[in-house]
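Have a look at the structure below, then the notes.
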Number of protein chains: 2
Amino acid sequence: MSTGEQRGRKPRADVQRNRTALLETAQRHFLQHGVGTSLEAVAKEAGVGPGTLYRHFPTREALLAAVLQTRSEELVARQADIEQLDDAAQALEQWLRAMEDYFSAFNGLPDPLMAAARAQEPDNPLTIPCGILITATDQYVRAAQLAGHVRASVRGRDLFLAACSVAWIKGTGTEGESLDRLRTLIASGYRRQDTQA
Amino acid sequence: MSTGEQRGRKPRADVQRNRTALLETAQRHFLQHGVGTSLEAVAKEAGVGPGTLYRHFPTREALLAAVLQTRSEELVARQADIEQLDDAAQALEQWLRAMEDYFSAFNGLPDPLMAAARAQEPDNPLTIPCGILITATDQYVRAAQLAGHVRASVRGRDLFLAACSVAWIKGTGTEGESLDRLRTLIASGYRRQDTQA
DNA sequence: ACTTGACCGGACGCTGCCTCCGTTTTACTC
DNA sequence: GAGTAAAACGGAGGCAGCGTCCGGTCAAGT
């Protein structure tokens with residue numbers, strides 16, 4: 001947690017204070033009202049003017065990325081657990097589930113994530129996290145392929161998309177059973193040996 | 001194309017005229033700017049006031065449903081072609097593709113469709129078309145299952161969801177190759193005999 | 001031609017987005 | 001502790017879209 005470079009003047013105290021308040025409030029609003037929540041309302045509840053919010057986070061995506069940053073610690077934790085596993089197939093499965101939960105954190109989150117995953121806009125602050133996730137997925141995929149559990153034609157990006165889709169559907173309010181069926185369908189799609197149902 | 005019941009006074013000519021103009025303009029705007037397009041702009045370009053638009057179509061979903069009504073003729077046509085096929089597996093595959101195209105007609109269409117498919121809101125004008133599509137999918141699925149091409153555990157609703165997902169991803173601007181990979185993945189998921197890749 | 005009611009359309013109030021700029025706060029200096 | 005300048009604040013304001021309401025209008029029936 002290095003403060004980075006502090007050249008010249010020490011940063012002002014209210015900057016950090018406002019930033020923290022904004023992030024906390026934004027996370028609560030994203031949780032309650034989805035990623036489309038009113039930024040004006042966030043600013044007001046955080047006790048700052050809209051100008052301050054937009055100076056800290058120029059776009060909705062920037063704010064979202066900053067909030068996700070704190071949320072991604074949870075994902076990293078699960079990743080540590082998953083790395084303990086011996087079975088590469090299980091590891092992949094749990095990783096996909098972890099990503100899905102991450103994507104479902106806020107209602108409507110998959111849309112901006114997909115927009116960023118397209119990655120034609122390198123200044124989109126969500127592009128980098130997406131890239132990391134796709135790369136990580138690819139590693140799990142390769143490991144499972146080496147162990148003979150996953151078809152050779154599958155790429156990490158494909159399963160990233162699939163996880164994103166499931167999260168999107170979950171966000172639309174589809175009930176749990178349908179989701180389980182879809183997950184099973186996808187798993188049958190990438191697995192090499194067929195567990196016939 | 002019956003005019004239905006015309007009890008009492010004959011309906012005014014401008015009603016039909018405005019309705020048609022609105023539908024045409026709305027379709028064009030949905031095509032160009034997605035389902036979130038400005039309804040005010042639609043009304044203006046159709047040459048009517050916003051009040052007229054909202055009287056004809058009280059909600060965005062109502063307008064969308066009316067526009068889709070005319071679009072669904074294309075789907076029915078493809079359905080007729082599909083029914084000609086002998087191979088139930090091919091029929092299912094083509095039907096899924098037809099639905100996917102239908103869902104991709106306008107950018108952002110999958111979201112309101114999924115909201116309607118949840119069907120907790122019976123007054124949502126999109127609920128009925130969704131129900132019809134799910135039922136139709138289920139029939140193709142059953143036929144393919146009888147022919148031994150599809151796993152017994154698969155339901156029509158599952159593949160409806162899958163097609164909707166793919167359409168959603170397509171709408172986010174993902175390139176074609178990734179989409180093909182995802183379609184293949186899903187097909188591997190529901191097919192009974194495994195075409196190992 | 002005239003009546004009548006269905007229909008029209010735009011003005012209006014509201015919410016949210018984002019920017020600009022006068023004011024305030026803060027760290028630093030002496 | 002008082003002074004200073006830069007950095008940050010915040011709210012007013014312009015803009016766009018939504019959905020409603022009501023005075024005026026137009027066409028179908030007589």
Side-chain angles (χ1 to χ4, degrees), chain A residues 3-23 25-26 28-30 32-66 106-108 111-112 115 123-125, chain B residues 3-23 25-26 28-30 32-66 106-108 111-112 115 123-125:
Chain A
T3 47
E5 36 198 332
Q6 47 169 357
R7 57 147 141 263
R9 195 175 258 223
K10 194 169 109 192
R12 282 171 57 159
D14 47 355
V15 173
Q16 185 61 29
R17 192 155 25 91
N18 283 332
R19 185 186 162 86
T20 308
L22 280 170
L23 284 178
T25 312
R28 204 165 52 249
H29 278 239
F30 283 149
Q32 288 177 0
H33 313 299
V35 297
T37 192
S38 159
L39 297 187
E40 250 185 355
V42 170
K44 187 179 291 183
E45 193 176 313
V48 305
T52 300
L53 190 156
Y54 285 102
R55 196 172 329 101
H56 279 274
F57 309 103
T59 66
R60 186 181 294 271
E61 280 71 34
L63 178 57
L64 199 49
F106 312 130
N107 208 328
D111 292 80
D123 53 345
N124 185 325
Chain B
T3 47
E5 38 196 331
Q6 46 170 358
R7 58 148 140 261
R9 194 179 257 222
K10 195 169 108 188
R12 283 171 54 161
D14 46 356
V15 173
Q16 185 61 30
R17 192 157 25 91
N18 283 331
R19 185 186 162 87
T20 309
L22 280 169
L23 284 178
T25 312
R28 203 167 53 249
H29 278 239
F30 283 150
Q32 287 177 2
H33 310 116
V35 298
T37 192
S38 159
L39 297 188
E40 250 185 356
V42 170
K44 187 179 294 183
E45 194 175 313
V48 305
T52 301
L53 190 156
Y54 285 104
R55 196 173 327 101
H56 280 276
F57 309 102
T59 66
R60 186 180 294 272
E61 280 71 34
L63 178 57
L64 199 51
F106 312 130
N107 207 329
D111 293 80
D123 53 345
N124 186 326

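Because the structure is predicted, anything quoted here is derived from the model rather than measured. Keep in mind that the numbers below use all heavy atoms, side chains included, and drop hydrogens, waters and symmetry copies.
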Within the side chain of B:Arg60, is there an N or O that forms a donor-acceptor pair under 3.5 Å with the backbone of B:Leu39?
no
For D:dC9 and A:Asn18 - does any side-chain N or O of the residue sit under 4.0 Å from the phosphate oxygens OP1/OP2?
yes
Choosing from C:dC28, C:dT26, C:dG9, which nucleotide comes nearest the side chain of A:Asp14?
C:dT26
Any side-chain heavy-atom pair of A:His56 and A:Leu63 under 4.5 Å
no
Which of C:dC8, D:dT20, D:dC18 is nearest the side chain of B:Ser38? It is D:dC18
Proximal nucleotide (of D:dT20, D:dA28, D:dC18) relative to the B:Pro50 side chain
D:dT20
I want to verify a distance call: between D:dG10, C:dT25, D:dA28, whose nearest atom is closest to the A:Arg55 side chain?
D:dG10
Using a heavy-atom cut-off of 4.0 Å across all strands, would you classify B:Arg60 as base, sugar-phosphate, or nothing?
sugar-phosphate
Heavy atoms from C-beta onward define the side chain here; which of D:dG10, D:dG17, C:dT26 lies closest to that of A:Arg17?
C:dT26
When all nucleic acid strands are considered with a 4.0 Å heavy-atom cut-off, which category describes B:Ala13: base, sugar-phosphate, or nothing?
sugar-phosphate
Hey, which sits more toward the 5' end of DNA chain D by its nearest nucleotide, A:Arg12 or B:Leu39?
A:Arg12
Verify side chain to side chain contact (heavy atoms under 4.5 Å, CB included) between A:Phe30 and A:Val42, making sure each step is shown before the conclusion.
CA-CA 9 Å; A:Phe30 283 149; A:Val42 170; over 6 Å; no
Most 5' of A:Gln16 and B:Thr37 on DNA chain D, judged by nearest nucleotide:
A:Gln16
Give a yes/no on whether any side-chain N or O of A:His56 is located under 4.0 angstrom from OP1 or OP2 of D:dA8.
no
If I take atom OH from residue B:Tyr54 and atom OG1 from residue B:Thr59, how far apart are they, to the nearest 0.5 angstrom?
9.5 Å
Rounded to whole Å, how long is the line connecting atom CD of A:Glu40 with atom P of D:dG11?
12 Å
Looking at B:Thr52, does any N or O in its side chain come under 4.0 Å of the phosphate oxygens OP1/OP2 on C:dG9?
yes
Determine the contact category for B:Gly36: base if any of its heavy atoms lies under 4.0 Å from a base atom, sugar-phosphate if only primed atoms, P, OP1 or OP2 are that close, otherwise nothing.
nothing
From NZ of B:Lys44 across to P of C:dA11 the rounded distance in Å is 11 Å
Trace of the side chain to side chain contact (heavy atoms under 4.5 Å, CB included) decision for A:Asp111 with A:Val35:
CA-CA 9 Å; A:Asp111 292 80; A:Val35 297; over 6 Å; no
